Protein chains: 2
Amino acid sequence: MEGRPGSQDGQIASPRRAPSQQRSRERVERMLAAASALIAEQGSDAMRMGEVAERAGVSIGSLYQFFPDKRAIVWALAERHTAESQACISAALADVSDAEGLRRAFSELVEIYYRLFLAEPVMRDIWSGTQADKALRELELADSRANAEFLTVVLKRLRPAADPAALETTAFLVWQMGETAMRLAISVGREEGDRLVAAYKRMALRELLTE
Amino acid sequence: MEGRPGSQDGQIASPRRAPSQQRSRERVERMLAAASALIAEQGSDAMRMGEVAERAGVSIGSLYQFFPDKRAIVWALAERHTAESQACISAALADVSDAEGLRRAFSELVEIYYRLFLAEPVMRDIWSGTQADKALRELELADSRANAEFLTVVLKRLRPAADPAALETTAFLVWQMGETAMRLAISVGREEGDRLVAAYKRMALRELLTE
DNA sequence: TAAAAATATGAGTAATCCTCACATTTGCAA
DNA sequence: TTGCAAATGTGAGGATTACTCATATTTTTA
């Protein structure tokens, strides 16, 4: 969306160089801490590299000594959480051996994840997408609501006795999940994409047709 | 992710000025056509305003005469399709009066949408997000697959007779939809967010626990 | 202790969005 | 027709910011 000099070829490079001395390890920590704070305050899109360097008390050059580009910083922060939550997921599901166990473990997992989404600034930032697109996505959301509304009308007609708010939530969610399935489908191969869309259709219909 | 001069406050402005003369209407059409072609070729992120102007045969100034910023062009293109697909959705669902009708209409709708996703460059561009984030999302996807894998293992354990590929697709989709539900939940109000997560949990469990 | 490797610096480069002062064309009333 | 206001057209330059690189300093190693 904006001007830029350097390279940008859709790759996420690893740290340009691993800090091997005590001194640089501490400085890298300061950089990450500064970035984390700035992301929490304003989001990664508004975060300026110069600002990160200044707050960390290092020069802009040092920043690029260890992080090849802006995304690498965000990603480095994200990776810590990713590893942690993978361990958590693995632990929660490891011992499941029957349906009831799955129900309990999965329910708990959803709650944990939801709290993580609500509370963790860096992950929240990544999950929210760039600030630049926020306005676009807001409009998309409005469109999606409008589309889901057509579905809501049908559901209310078919199930007059059900709670209207619940039907609205269901319709909205089903619709949004459809868009997710499509998005996924076009970003994976065609074959897997077809399977995903088919699976979505089945799931959605089950939800829509079960009273 | 990059440098920029002007204003950017998360708003999408409407055309700065509506073209009222025949001449300018034609020029605006040319601008939109040029933008559409460029988006199809390289995506909106790589599309440069100067390039749009050049290909449309107008000056950069004229572009900004009618479009306040880059996003406005993309959005103007998207709006045409949006109106069209809303009409299509409305028509497909309008006459549904029973469960079988809903099943048919919804199935057809999913297919239509899927084809639209696959074929329409501008919408595909919007749905794919910015190029800048593509690498990040690829890594997110990998993480998501890894997380879903834990779920797959459980499902295979609980349903040894089922088709493994189908279980993988289900687990992946369920997981991805969970992330969608979370993303939604944090971008709407807390109350609606809670309802969405609860609805997701119910849907996911129904899918996971039904053989 | 001297050479090599790692680390630090920040002014400068490059890239691109968008503005603005001024030129040109069009619509329209006298 | 003529004159004027409104609409439209222009493109050089302002502004911002990611990232580089030649050079200086510190740490490790031989």
Side-chain angles (χ1 to χ4, degrees), chain A residues 1-13 15-31 35 38 42-75 130-133 135, chain B residues 1-13 15-31 35 38 42-54 56-74 130-133 135:
Chain A
M1 213 65 153
E2 293 114 26
R4 163 206 347 114
S7 60
Q8 170 247 37
D9 32 38
Q11 289 280 322
I12 293 204
R16 181 168 308 218
R17 135 187 271 159
S20 71
Q21 303 178 357
Q22 177 74 16
R23 173 179 51 145
S24 54
R25 266 195 299 269
E26 282 171 5
R27 289 168 59 92
V28 166
E29 274 313 308
R30 285 219 305 282
M31 296 173 202
L38 285 168
Q42 4 167 304
S44 65
D45 196 65
M47 174 185 89
R48 306 298 166 205
M49 294 301 270
E51 216 176 347
V52 174
E54 188 185 21
R55 196 180 282 213
V58 304
S59 72
I60 183 77
S62 288
L63 206 51
Y64 281 94
Q65 192 88 228
F66 299 99
F67 300 99
D69 58 29
K70 190 171 167 176
R71 282 171 301 166
I73 296 191
V74 180
W75 194 250
T130 63
Q131 180 69 34
D133 289 333
Chain B
M1 215 64 153
E2 295 114 26
R4 164 204 346 116
S7 59
Q8 171 247 35
D9 30 38
Q11 290 280 321
I12 293 203
R16 181 168 307 217
R17 134 188 271 160
S20 71
Q21 302 179 359
Q22 176 74 15
R23 173 179 50 144
S24 53
R25 266 194 300 268
E26 282 171 7
R27 288 167 63 94
V28 166
E29 273 314 307
R30 284 219 306 281
M31 297 174 201
L38 285 168
Q42 4 167 305
S44 65
D45 197 64
M47 174 185 88
R48 305 300 167 203
M49 293 301 268
E51 216 176 345
V52 174
E54 187 185 20
V58 305
S59 72
I60 183 77
S62 287
L63 207 52
Y64 282 94
Q65 192 88 222
F66 298 99
F67 300 99
D69 59 29
K70 192 172 167 176
R71 282 172 301 164
I73 295 191
V74 180
T130 62
Q131 180 68 34
D133 289 332

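Quick note: numbers below take in every heavy atom, side chains included, and nothing from hydrogens, waters or symmetry partners. If you're wondering where the values come from, they're calculated on a predicted model, not measured in any experiment. Naming convention: chains lettered A, B, ... in sequence-line order (proteins, then strands); numbering from 1 in each chain.
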Asker: Give the minimum heavy-atom separation between Ala35(B) and Ile73(B), together with the two atoms involved.
Answerer: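 That closest heavy-atom pairing would be CB-CG2, 3.4 Å.
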Asker: Check DNA chain C for consecutive Watson-Crick or G-U pairs with both distances under 3.5 Å and list the runs of at least three as stems.
Answerer: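 Result, WC/G-U stems under 3.5 Å: C:1-30 with D:1-30.
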Asker: Once salt bridge (Lys or Arg N to Asp or Glu O under 4.0 Å) is applied, do any residues pair with Glu54(A), and if so which ones, sequence neighbours excluded?
Answerer: none
Asker: Given atom CD1 of Ile60(A) and atom P of dC21(D), what is their separation to the nearest angstrom?
Answerer: 15 Å
Asker: So, OP1 or OP2 of dT9(C): does either fall under 4.0 Å of a side-chain N or O from Ser62(A)?
Answerer: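 Result: yes.
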Asker: Residues in salt bridge (Lys or Arg N to Asp or Glu O under 4.0 Å) with Arg25(B), at least two apart?
Answerer: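 Counting only residues at least two positions away or on another chain, Arg25(B) forms no salt bridge (Lys or Arg N to Asp or Glu O under 4.0 Å).
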Asker: To the nearest angstrom, how far is Glu26(B) atom CD from dT8(D) atom C1'?
Answerer: 14 Å
Asker: What is the distance from atom CD of Glu51(A) to atom CE of Met47(A), rounded to the nearest 0.5 Å?
Answerer: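 CE of Met47(A) is found 9.0 Å from CD of Glu51(A).
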Asker: It should be established whether Ser24(A) places a side-chain nitrogen or oxygen under 4.0 Å from OP1 or OP2 of nucleotide dT7(C).
Answerer: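 Yes, such a contact exists.
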Asker: Do you know which two heavy atoms are closest between Ala72(B) and Pro68(B), and how far apart they sit?
Answerer: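 That would be CB-CD, 3.6 Å.
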Asker: Output the rounded distance in Å from CD (Glu51(B)) to P (dC18(C)).
Answerer: 15 Å
Asker: If the sugar-phosphate is the primed atoms plus P, OP1 and OP2 and the base is the rest, what is the B/S/- string for nucleotides 20-27 of chain C, using protein heavy atoms under 4.0 Å?
Answerer: -----SS-
Asker: Between Ser20(A) and dT7(C), is there a contact of a side-chain N or O with OP1 or OP2 at under 4.0 Å?
Answerer: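 Checking Ser20(A) against dT7(C): at least one side-chain N or O falls below 4.0 Å of OP1 or OP2.
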Asker: About how many Å separate CE of Met31(A) and CE of Met49(A), when rounded to the nearest 0.5 Å?
Answerer: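 One finds 9.5 Å between CE of Met49(A) and CE of Met31(A).
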Asker: Going by the rule side-chain contact (heavy atoms from CB on, under 4.5 Å), which residues pair with Arg23(A) if we only count those two or more places apart in sequence or in a different chain?
Answerer: Gln21(A), Arg27(A)
Asker: Between dA15(C) atom C1' and Met49(B) atom CE, what is the distance in whole Å?
Answerer: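 It is 15 Å, rounded to the nearest whole Å.
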Asker: Would you say the side chain of Lys70(A) lies within less than 4.5 Å of the side chain of Ser44(A), judging by non-hydrogen atoms?
Answerer: no
Asker: Please state how far atom NZ in Lys70(A) lies from atom P in dT17(D), giving the value in whole angstrom units.
Answerer: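 Rounded to the whole Å, the gap is 9 Å.
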Asker: I need the CG-P distance between Asp69(A) and dA14(C), as an integer number of Å.
Answerer: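 Spelled out: CG on Asp69(A) to P on dA14(C) is 20 Å.
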Asker: Can you tell me if Arg27(B) touches the phosphate of dT8(D), counting only side-chain N or O atoms and a distance under 4.0 Å to OP1 or OP2?
Answerer: no
Asker: Take the protein atom CZ of Arg48(A) and the nucleotide atom P of dG10(C), then report the distance between them rounded to whole Å.
Answerer: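 About 21 Å, once rounded to whole Å.
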Asker: Round to a whole Å and report the spacing from CZ of Phe67(A) to P of dT7(C).
Answerer: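 Nearest whole value for this atom pair: 13 Å.
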Asker: Which residues satisfy the salt bridge (Lys or Arg N to Asp or Glu O under 4.0 Å) test with Glu26(B), sequence neighbours excluded?
Answerer: none
Asker: Closer than 4.0 Å, any side-chain N/O of Arg25(B) to the OP1 or OP2 of dA7(D)?
Answerer: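 So the side-chain polar atoms of Arg25(B) never come under 4.0 Å of the phosphate oxygens OP1 or OP2 of dA7(D).
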